[in-house]
Participant: 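Before I ask anything, here is the structure I am working with.
Sequential numbering from 1 along the given sequence is applied to the chain's residues. Only a predicted model underlies this, so the values are computations on that prediction, with no experimental measurement involved.
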Amino acid sequence: MLPELSALAAALCWSFGGLIAAAPARALGGVIFTRVRMLLVFIMLCAGTLYTGGWGGLSLDQSLILITSGFTGILLGDVALFTTLGRLGPRRTAILFACNAPMTALLAWLFLDEVLELHVLIGCLTITAGVICAVALGSDRHNSHHWEQVRGPLVTGILLGLLAALGQSVGTLIAKPVMSSGVDPVAASALRVGTAAFGLQALRLLPVSLWSKTVTLTPQLLIPIIASGFLGMGLGMTLLLYALAEGEAGMVATLSSTTPVLVLPLIWIKTGRSPSIGAWLGALLVITGTALII
């Protein structure tokens with residue numbers, strides 16, 4: 001599979017995974033949801049890696065780099081991401097998360113010597129403008145569906161979403177050199193997710209109710225968590241790492257950030273309500289920026 005197609009497929013997996021995750025993320029909260037999801041996905045990826053035999057291709061140095069990438073991009077990034085999902089819903093969260101594309105393009109230019117040409121710079125600015133437009137103008141006061149409700153201060157949700165995007169961006173850049181060396185993407189995903197899973201379990205030892213809280217998982221919660229984990233984290237993250245092994249970090253991040261465009265018609269189908277003009281305009285700018293970068 002070409003890296004461009006792999007990155008787009010990752011975005012599609014994240015779109016479906018995010019929609020499936022919306023209800024359990026709001027019911028459990030971002031921290032608990034992420035902790036349960038990470039552990040389940042780690043088990044899935046370990047089984048896949050045993051099947052492919054990918055563990056043998058990882059050196060100690062590569063493993064340490066991937067652990068650092070998992071801590072930054074998944075442990076920190078995903079807690080912020082799903083906390084944002086619980087506060088702002090899937091549409092706003094997906095649009096904010098698209099900021100990881102211009103962040104990655106800029107950081108790749110600074111630290112990986114990937115050339116940020118003029119059209120790429122314009123594309124990054126266009127995507128950023130689309131994100132701001134969609135967040136500022138995307139709210140429809142006539143849309144009362146629970147996915148469109150904002151819980152808590154809007155500014156806090158936006159900052160958490162941008163933090164999630166930055167974590168994803170930095171985690172991607174850290175993993176790029178290892179993936180370019182030909183490491184098995186399934187094994188790399190397992191190590192990164194495992195780092196986050198064990199990190200979240202370790203946080204339960206802290207005397208903080210937010211981290212140590214336990215919940216009873218019903219089938220109504222467990223089934224969508226497993227489904228969203230398989231699609232969004234297991235399959236989506238593996239496809240992203242595969243694309244990263246073959247393509248430039250800025251390009252991969254940009255194509256995988258088309259989630260806001262993919263999620264709009266899915267939400268329309270689910271809720272029966274068309275997104276507002278501001279949301280469509282923001283999505284159009286994201287598409288335009290992506291086209292400019294490509």
Participant: Between Leu75 and Thr195, is there a side-chain heavy-atom distance shorter than 4.5 Å?
Facilitator: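 They are not in contact (no side-chain heavy atoms under 4.5 Å apart), so the answer is no.
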Participant: Between Leu191, Leu40, Leu50, Val193, which is the residue that forms a side-chain contact (heavy atoms from CB on, under 4.5 Å) with Leu45?
Facilitator: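 With Leu45 as partner, side-chain contact (heavy atoms from CB on, under 4.5 Å) holds for just one option, Val193.
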Participant: Check for a donor-acceptor pair, side chain of Ser169 on one end and backbone N or O of Ala165 on the other, with a separation under 3.5 Å.
Facilitator: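 Not confirmed, Ser169 side chain does not pair with Ala165 backbone.
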Participant: Using the side chain to side chain donor-acceptor pair (under 3.5 Å) rule, take Thr238 and Ser189 through it: C-alpha gap first, then chi angles, then the decisive distance, then the call.
Facilitator: CA-CA 6 Å; Thr238 301; Ser189 293; 3.2 Å; yes
Participant: So which heavy atom on Trp55 is nearest to which on Cys46, and how close?
Facilitator: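 Distance-wise, the nearest heavy atoms are CZ2-SG, 4.1 Å.
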Participant: Any donor and acceptor pair, going by atom type alone, linking the side chain of Ser181 with main-chain N or O of Val178 inside 3.5 Å?
Facilitator: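 A pair under 3.5 Å: yes.
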Participant: Compare all side-chain heavy atoms of Leu241 with those of Arg192 and state whether any distance is below 4.5 angstrom.
Facilitator: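 Leu241 vs Arg192: side chains touch.
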Participant: Would you confirm whether Glu114, through its side chain, and Ala105, through its main-chain N or O, come within 3.5 Å as a donor-acceptor pair?
Facilitator: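 A pair under 3.5 Å: no.
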Participant: Which of these, Pro185, Cys13, Pro3, sits in a side-chain contact (heavy atoms from CB on, under 4.5 Å) with Leu239?
Facilitator: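 Of all the options given, the one that passes is Cys13.
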Participant: Main chain of Gly171, side chain of Ser69: is a donor-acceptor contact present, judged purely on distance under 3.5 Å?
Facilitator: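 A pair under 3.5 Å: yes.
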Participant: For Ala21, is there any backbone N or O sitting under 3.5 Å from a side-chain donor or acceptor partner on Ser228?
Facilitator: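 The answer is no, because no donor-acceptor pair under 3.5 Å joins these two groups.
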Participant: So, does Lys176 use its side chain to make a donor-acceptor pair with the main chain of Leu244 at under 3.5 Å?
Facilitator: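 Yes: the side chain of Lys176 pairs with the backbone of Leu244.
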Participant: Go through it in stages, so that I can follow the logic: the residues are Thr52 and Asp184, the test is side chain to side chain donor-acceptor pair (under 3.5 Å), and I'd like the CA-CA distance, side-chain angles, deciding distance and then a yes or no.
Facilitator: CA-CA 9 Å; Thr52 62; Asp184 179 19; 3.1 Å; yes
